[in-house]
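Here the structure comes first, spelled out in structure tokens, and everything after it is commentary.
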There are 2 protein chains.
Amino acid sequence: MRWDELDQQPCSLARTLSVVGDRWTLVILRDCFLGVRRFDDFEARLGITRHVLADRLRKLVDAGVLEKHPYQERPLREEYRLTDKGLDLYPVILSLVHWGDRYMADAQGPPVRHRHRHCGQHMRGILICSACGEELHPRDVAVEESPAWAGQGLLPARSRRRNPS
Amino acid sequence: MRWDELDQQPCSLARTLSVVGDRWTLVILRDCFLGVRRFDDFEARLGITRHVLADRLRKLVDAGVLEKHPYQERPLREEYRLTDKGLDLYPVILSLVHWGDRYMADAQGPPVRHRHRHCGQHMRGILICSACGEELHPRDVAVEESPAWAGQGLLPARSRRRNPS
DNA sequence: TTGACAAGTTCCAAAATAGAACTTTACTGT
DNA sequence: ACAGTAAAGTTCTATTTTGGAACTTGTCAA
């Protein structure tokens with residue numbers, strides 16, 4: 001399967017990745033959340049090729065994650081801003097950052113901290129169940145086919161085929 | 001900058017992406033969380049080239065996200081299992097899935113549901129502040145350089161350079 | 001008139017990917 | 001003994017994508 005066919009799969013994760021799963025795209029979005037908006041600023045901060053940057057920004061705009069917003073005319077100059085759809089990617093970004101803080105930090109520790117303006121504390125994000133409020137762990141979550149998709153073999157048969165252990 | 005230099009940046013997100021930021025890697029990990037463990041099963045479910053699959057699995061093992069576990073000898077056959085480090089990527093996976101559920105679903109709706117075994121309800125993951133327990137929104141989180149990294153210009157100067165608005 | 005600025009586009013060489021075939025070790029049925 | 005199957009890769013080539021640098025366009029300022 002080619003990468004660009006991934007969004008046709010009946011899988012929300014695959015479809016999300018068809019938008020943000022590219023090598024550079026999430027780094028671009030990180031900078032968007034930090035307030036970077038202009039082409040040359042992205043290029044200078046990321047060390048990304050202008051060629052690829054232009055392509056990724058265009059795709060993010062097409063996907064509705066960013067929108068172009070003119071900040072001067074003659075010559076027309078536009079900056080890139082997160083839409084609401086883009087802002088909703090925040091849990092993804094923050095989860096990636098916290099994993100890196102935990103597992104990829106060097107001797108100096110994580111490079112940035114996050115402070116919650118509401119309570120004033122340094123913090124990290126915790127994922128909880130929307131129904132009961134408990135912290136989520138992978139083993140506690142059962143995945144079920146939705147009725148509309150039932151019987152299509154979206155989920156693997158857990159039993160090993162020839163070597164049941 | 002080349003992609004493989006990304007892990008040298010002082011940025012937890014960039015470093016995380018140097019492990020999982022590849023196009024296929026997060027789809028492989030999705031299947032790991034669904035219980036897929038064997039080479040041929042990954043290949044059949046993902047439609048990924050064997051070549052690339054072998055390479056990505058090797059890199060995930062090198063990174064400590066997966067580990068090889070023999071399930072038979074003669075001939076030696078090994079399966080891939082998530083380590084604790086890998087299991088800790090669950091918030092990333094679930095956040096990606098929920099964004100896709102919301103923005104990328106088609107008329108049939110999201111293909112799978114998640115049920116929390118503790119409370120028995122269908123649910124989604126919500127990101128809250130570890131300090132005060134409130135739900136997190138991007139505008140409420142301030143990013144600060146850690147003392148050890150201060151003054152290195154990790155964060156952009158928010159003021160626009162020539163066109164302050 | 002020259003230079004700077006901003007946001008790209010164009011060009012080419014180098015690297016990565018898709019797709020298919022091949023390899024290795026061992027078991028199974030005839 | 002022999003063919004077929006199985007699992008987990010490796011090898012091969014053609015196509016695509018990327019990295020790096022230079023070029024373009026429209027406008028203003030010195």
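Residue numbers start from 1 in every chain, and the chains themselves are labelled A, B, ... in the order their sequence lines are given, proteins ahead of strands. Computed from a predicted model, the values in this text were never measured in an experiment.
For the pair B/Leu6/A/Trp24, a side-chain contact is recorded, criterion being any heavy-atom separation below 4.5 Å from C-beta on. Between A/Phe42 and A/Ile48, every side-chain heavy-atom pair lies at or beyond the 4.5 Å cut-off. Using a 4.5 Å heavy-atom cutoff, the side chains of B/Val143 and A/Arg113 are not in contact.
In this structure, B/Leu57 atom CG and D/dA7 atom P are separated by 16 Å, rounded to whole Å. Rounded to an integer number of Å, the gap from CD of B/Glu78 to P of D/dG9 is 7 Å. What separates CD of B/Glu43 from P of D/dT10 is a distance of 14 Å, to the nearest Å. In this structure, CG of B/Leu53 is placed 16 Å from P of C/dA20, rounded to the nearest angstrom. Spacing between atom CD of A/Glu79 and atom P of C/dG8 amounts to 12 Å, rounded to whole angstrom units. As a whole-Å value, the separation of A/Asp40 CG from C/dG8 P is 9 Å. The CG atom of A/Leu76 sits 9 Å away from the P atom of C/dG8 (whole-angstrom rounding). D/dG9 atom P lies 13 Å from atom CG of B/Asp41, rounded to whole Å.
A/Asp7 is linked by a salt bridge (charged side-chain N to carboxylate O under 4.0 Å, His left out) to nothing, counting only residues two or more places apart in sequence or in another chain. For A/Glu145, there are no side-chain hydrogen bond (donor to acceptor under 3.5 Å, both in side chains) partners two or more places apart in sequence or in a different chain.
Under the 4.5 Å side-chain heavy-atom criterion for grouping Ile, Leu, Val, Met, Phe, Trp and Tyr, A/Val141 is not connected to A/Ile126 through any hydrophobic cluster.
Scanning residues 61-70 of chain B for heavy-atom distances under 4.0 Å to DNA chain C yields an empty list.
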query: Could you write nucleotides 14-26 of chain D as a row of B, S and -, 5' to 3', where a protein heavy atom under 4.0 Å of any base atom gives B, of only sugar-phosphate atoms gives S, and otherwise -?
result: ----SBB-B---B
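Listed pair A/Tyr80 / C/dG8 meets the phosphate criterion, a side-chain N or O lying under 4.0 Å from OP1 or OP2. Dashed line: the shortest gap from a side-chain N or O of A/Tyr71 to OP1 or OP2 of C/dC5 is not under 4.0 Å.
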query: What do the steps show when you test A/Val52 against A/Arg56 for side-chain contact (heavy atoms from CB on, under 4.5 Å), and what is the final call?
result: CA-CA 6 Å; A/Val52 174; A/Arg56 296 303 183 275; 3.7 Å; yes
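The cationic atom of A/Arg38 (NZ for Lys, CZ for Arg) lies less than 6.0 Å from the six-membered ring centre of A/Tyr71 and within 45° of the ring axis.
Side-chain atoms of B/Trp99 come within 3.5 Å of backbone N or O of A/Lys85 as a donor-acceptor pair. B/Arg115 places a side-chain N or O within donor-acceptor distance of the main-chain N or O of B/Gly120, the cut-off being under 3.5 Å.
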Taking only distance into account, with no hydrogens and no angle test, what donor-acceptor pairs under 3.5 Å do side-chain atoms of residues 87-95 of chain B form with protein atoms, sequence neighbours excluded?
unit_1	atom_1	unit_2	atom_2	d
B/Asp88	OD2	A/Arg102	NH1	3.1
B/Asp88	OD2	A/Tyr103	OH	2.4
B/Ser95	OG	B/Pro91	O	2.7

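Five base pairs at each end of the helix from C/dT1-D/dA30 to C/dT30-D/dA1 define two local axes, and these are offset by 10° (rounded to 10°).
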